[in-house]
Amino acid sequence: MNFLAPIGRVFIAFLVATGRLVAFAAVSVSHCVRPPFYGRSIGRQMIQIGYFSLPVVGLTAIFTGMVLALQSYTGFARLNAESAIATVVVLSMTRELGPVLAGLMVAGRVGAAIAAEVGTMRVTEQIDALTTLSTNPYKYLIVPRLIAGVATLPLLVLVADIIGVFGGYAVSVHSLDFNAANYLKLTWEFLQPIDIVTGLVKAAVFGFLVTLMGCYHGFHSRGGAQGVGAAATNAVVSSSVLILASNYMLTLAFFGA
Amino acid sequence: MSAPADAIGTEPKIELRGLKKAFGAKTVLDGIDLSVGEGESVVIIGGSGTGKSVMLKCILGLLWPDAGSICIDGMDVSALADRTRQTHTAKIGMLFQGSALFDSLTVWENVAFALRSRTAMSRSEAREIALGKLAQVGLGPDVADLSPAELSGGMQRRVALARAIATDPEIVFFDEPTAGLDPILGDIINRLIVDCVRHVGATAVSITHDMTSARKIADRIAMLHDGRIIWDGPAGDIDSSGNAFVDQFIHGRAEGPIGMAVRR
């Protein structure tokens, strides 16, 4: 009879969770613009999130660029449109694959690490200890990670774009017998600054989402080792989904009809 | 419930009135009244899960009480905004049950943390003070640059104690200071607590279910049960309290009013 009740309960739980997340994000962002700032922590997080993600992001980018060239060749060769390969590689990398793949790799590497670290600090009362030592945990723990995420992801994506395009170039020139100078010329021909800029804006948004979800799930973790494990899983899953969903919204906003 | 013992100072350092806190349907604190005089050492005893930690966290501002007042030096801090409240809770040092040392920092950085966050003290100056505090709890300068994970549980507890007293707080809270330590280490910590509190003339509130520890560090003992203070008196009177709950607790008997409450 009362079959609507479970649906309502799920919907209310969803609204509660969304509200909590938005409130957490609002408080965190408000602390980003108010002193004191912890410069050393921000620097350390930039190295953790940005620099140490370079290998995994670089490897992802180079193989993606190579596969893009190979796949588009099998398609375009049938239409005698091989000259489009360079354009396909560079636009796909800068507009979509660079930011999305870098975002997903960082979500797996950094999001989980942040959730585990902050979550362990929560369950071992280190976050309470911060408060009793006159230090705001938002400022000390959350803000440096958010700033580092937003600042370093665009740089990572810029590197990923370059490495990805190089991957496509290497395959085209060495396996598909393209002329090197010609391939580079075609790469530049259709590339607009807007393609790169939108990719970098996406990267900044993804950097915010990954670090926010890591911090949020870590900050609210409960119940020892199991709680911390759940926080890490939830951080990776939720930030990955948010990256893909927000990527669609951003693409629609930038290039939509 | 007996009347609160006379405070040593004229005005109680900490005064709780009708403090209530519930988590969902579960009432944890059901109207706590407690006053702690300046320089006094009060130990709160009570079984696991009776809300001892919740009470301390309410005073520290880590949890918001549902009702009641918390006065520190006569000022109701439960009604204050976050920032003003911090100036009052900064008077309190806290030793956490699991030590809660920051494992991303070295031992001395842990001890000096509040010095650096509250004042614009230089690193070298803060380190000097931290080394002094470490010496006070019997740790040499050789441990100062280690990470907390490299220390044994007893040493971690001592570092946490040094961190709690680093800013010479007016009030120090101890949450299960001897939990998980062997009896000898436990006694060392008890003695350090007595020394450190007497040394700086601080007011101390400890929560524990270790009676040996309670007898050692308390001027006054209060027992928390079912979210209320059911007995409150001088530490020396604990054996002749005439309260069946207290008797059962201090003798650690399975039979008695508390056990029946659990079975019911």
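Just so it is clear: chains get the letters A, B, ... in the order the sequence lines come, proteins before strands, and each one is counted from 1.
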Can you pull out all donor-acceptor pairs below 3.5 Å that join chain A and chain B?
residue	atom	partner	partner atom	Å
A/E125	OE2	B/K57	NZ	3.0
A/Q126	NE2	B/L101	O	3.4
A/Q126	NE2	B/D103	OD2	3.4
A/D128	OD2	B/K57	NZ	3.4
A/T132	O	B/R118	NH2	3.2
A/L133	O	B/S117	OG	2.8
A/S134	OG	B/R118	NE	2.6
A/S134	OG	B/R118	NH2	3.1

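With a threshold of 4.5 angstrom between heavy atoms, B/L62 approaches chain A through side-chain atoms but not through N, CA, C or O. Neither the backbone nor the side chain of B/L115 has a heavy atom closer than 4.5 Å to any heavy atom of chain A.
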Please table the atom pairs, donor to acceptor, closer than 3.5 Å between any side-chain atom in residues 237-246 of chain A and protein atoms at least two apart or in another chain.
residue	atom	partner	partner atom	Å
A/S238	OG	A/H217	NE2	3.3
A/S238	OG	A/N234	O	2.6
A/S238	OG	A/A235	O	3.4
A/S239	OG	A/A235	O	2.6
A/S239	OG	A/V236	O	3.3
A/S240	OG	A/V236	O	2.7
A/S246	OG	A/L242	O	2.8
A/S246	OG	A/I243	O	3.2

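For residues 143-166 of chain A, no residue pair satisfies the ring pair (Phe, Tyr, Trp, His ring centres under 6.0 Å) rule, not counting sequence neighbours.
For the atom pair CD1 of A/I127 and CZ of B/F102, the computed distance is 9.5 Å after rounding to the nearest 0.5 Å.
Near-neighbour residues of residues 5-15 of chain A relative to chain B, defined by a heavy atom under 4.5 Å from a heavy atom of that chain, are none.
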